[in-house]
Amino acid sequence: ASLYNCINEGRKGSLIINSGGVSFLDGHLLEKSIVSKFENENSWEYAEQTGLTDTVYIFGAGHISLPLSQILRMLGFRIVVFDDRRDLSTYNANTFAHHKEIVNYRSVSDLVPEGRNSYVAIMTFGHVSDDTVLRQMLNKKLKYLGMIGSKSKVQELFDRLRNEGFSEESLSFVNTPIGIPVGSQTPEEIAVSIAARIIQTRNS
């Protein structure tokens with residue numbers, strides 16, 4: 001397809017403008033939405049992500065986040081991983097995410113844009129931080145919102161949120177259990193079940 005058709009059709013890819021001309025890499029994902037480099041007037045480049053890219057925002061870079069990132073990347077998703085812990089081995093080992101960032105969980109709302117291409121999976125280190133992130137996501141218009149956790153802990157959290165005025169409609173949107181029940185036990189199996197639910201949601 002021509003450069004004009006790719007951009008006009010909203011194809012996912014990277015528009016690249018540099019000293020050598022203009023090109024479009026169909027299906028290529030950048031680490032960030034815009035990347036620019038400048039060495040001198042004869043050596044520079046500007047690249048911009050085009051199209052509506054399905055992005056999974058994973059809160060928590062632990063032992064499930066790593067295989068989940070790997071699986072979802074193979075399935076064509078853009079992966080963004082957030083955590084509040086520095087020097088976490090699974091965070092450092094995650095080479096599958098397109099972007100990783102150490103954040104304060106108390107202020108993450110602006111990190112996730114609304115829209116039918118935004119998927120959120122909450123799997124932080126503890127229930128308190130899960131709660132903190134979930135509160136900021138509940139009123140957003142997202143394609144998918146899932147949170148890991150035991151049935152009793154989720155029920156306890158939801159009861160507290162109801163008492164604070166969060167609507168039943170917003171709570172019912174949360175996928176918990178976060179994945180499709182497959183009797184999963186290992187981090188890899190749990191990641192498969194979550195990815196399956198996300199695919200099911202994307203294709204619905």
Side-chain angles (χ1 to χ4, degrees), residues 51-84 97-99 101 103-204:
L52 299 173
T53 304
D54 291 327
T55 301
V56 182
Y57 299 88
I58 303 174
F59 287 92
H63 58 294
I64 298 173
S65 177
L66 180 56
L68 180 60
S69 298
Q70 180 180 13
I71 295 167
L72 290 174
R73 179 153 185 161
M74 288 190 296
L75 296 169
F77 288 92
R78 179 172 177 265
I79 314 301
V80 177
V81 174
F82 299 116
D83 206 289
D84 65 347
H98 295 88
H99 178 69
E101 189 173 343
V103 299
N104 184 331
Y105 284 143
R106 292 190 295 272
S107 54
V108 296
S109 180
D110 291 343
L111 299 177
V112 178
E114 293 188 319
R116 60 187 177 88
N117 300 97
S118 290
Y119 300 70
V120 173
I122 302 173
M123 50 183 71
T124 71
F125 181 68
H127 298 295
V128 173
S129 48
D130 284 344
D131 182 347
T132 300
V133 174
L134 180 63
R135 290 169 183 272
Q136 297 170 74
M137 300 296 130
L138 274 175
N139 292 323
K140 283 182 172 288
K141 295 178 180 178
L142 305 168
K143 180 70 173 179
Y144 167 91
L145 175 58
M147 185 181 71
I148 205 164
S150 67
K151 187 175 181 179
S152 60
K153 288 293 184 181
V154 169
Q155 186 63 50
E156 181 182 327
L157 170 57
F158 278 23
D159 287 344
R160 188 161 61 248
L161 292 171
R162 288 188 189 95
N163 291 334
E164 294 178 18
F166 284 91
S167 70
E168 200 64 45
E169 181 182 4
S170 63
L171 293 174
S172 66
F173 182 71
V174 183
N175 285 267
T176 179
I178 190 171
I180 291 177
V182 292
S184 50
Q185 299 294 329
T186 68
E188 292 77 14
E189 290 173 345
I190 295 170
V192 168
S193 75
I194 298 169
R197 177 72 75 190
I198 289 175
I199 296 167
Q200 184 183 61
T201 302
R202 180 173 66 176
N203 294 339
S204 64

Open item on the list: On a heavy-atom basis, which atom in Ala195 and which in Leu68 lie closest, and how many Å separate them?
Closed with: N-CD1, 4.0 Å
Task: Glu114 side chain vs Lys141 backbone, donor-acceptor pair below 3.5 Å - done: yes
TODO: Give a yes or no answer on whether the side chain of Thr124 reaches the backbone of Gly126 with a donor-acceptor pair at less than 3.5 Å.
DONE: yes
TODO: Could you pull out the closest heavy-atom pair between Ser109 and Met137, with the gap in Å?
DONE: CA-CE, 4.1 Å
- [ ] Please report the shortest heavy-atom distance between Thr53 and Arg78, naming the atom on each side.
- [x] CG2-CB, 3.6 Å
Task: Asp131: salt bridge (charged side-chain N to carboxylate O under 4.0 Å, His left out) partners, not counting sequence neighbours - done: Arg135, Arg160
Open item on the list: Does anything in residues 128-173 form a ring-ring contact (aromatic ring centres under 6.0 Å, His included)? List the pairs, not counting sequence neighbours.
Closed with: none
Task: Under 3.5 Å: donor-acceptor pair, side chain of Asp84, backbone of Val103 - done: no
Open item on the list: Is it true that Ser170 and Ser167 share a donor-acceptor pair across their side chains at a distance under 3.5 Å?
Closed with: yes
TODO: Could you tell me whether a side-chain N or O of Thr132 sits under 3.5 Å from a main-chain N or O of Tyr105, the two making a donor and an acceptor?
DONE: no
Task: Parallel, tilted or perpendicular: rings of Tyr119 and Phe77 (30°, 60°) - done: perpendicular
Task: Check: Gln185 main-chain N/O paired with Glu189 side-chain donor or acceptor under 3.5 Å - done: yes
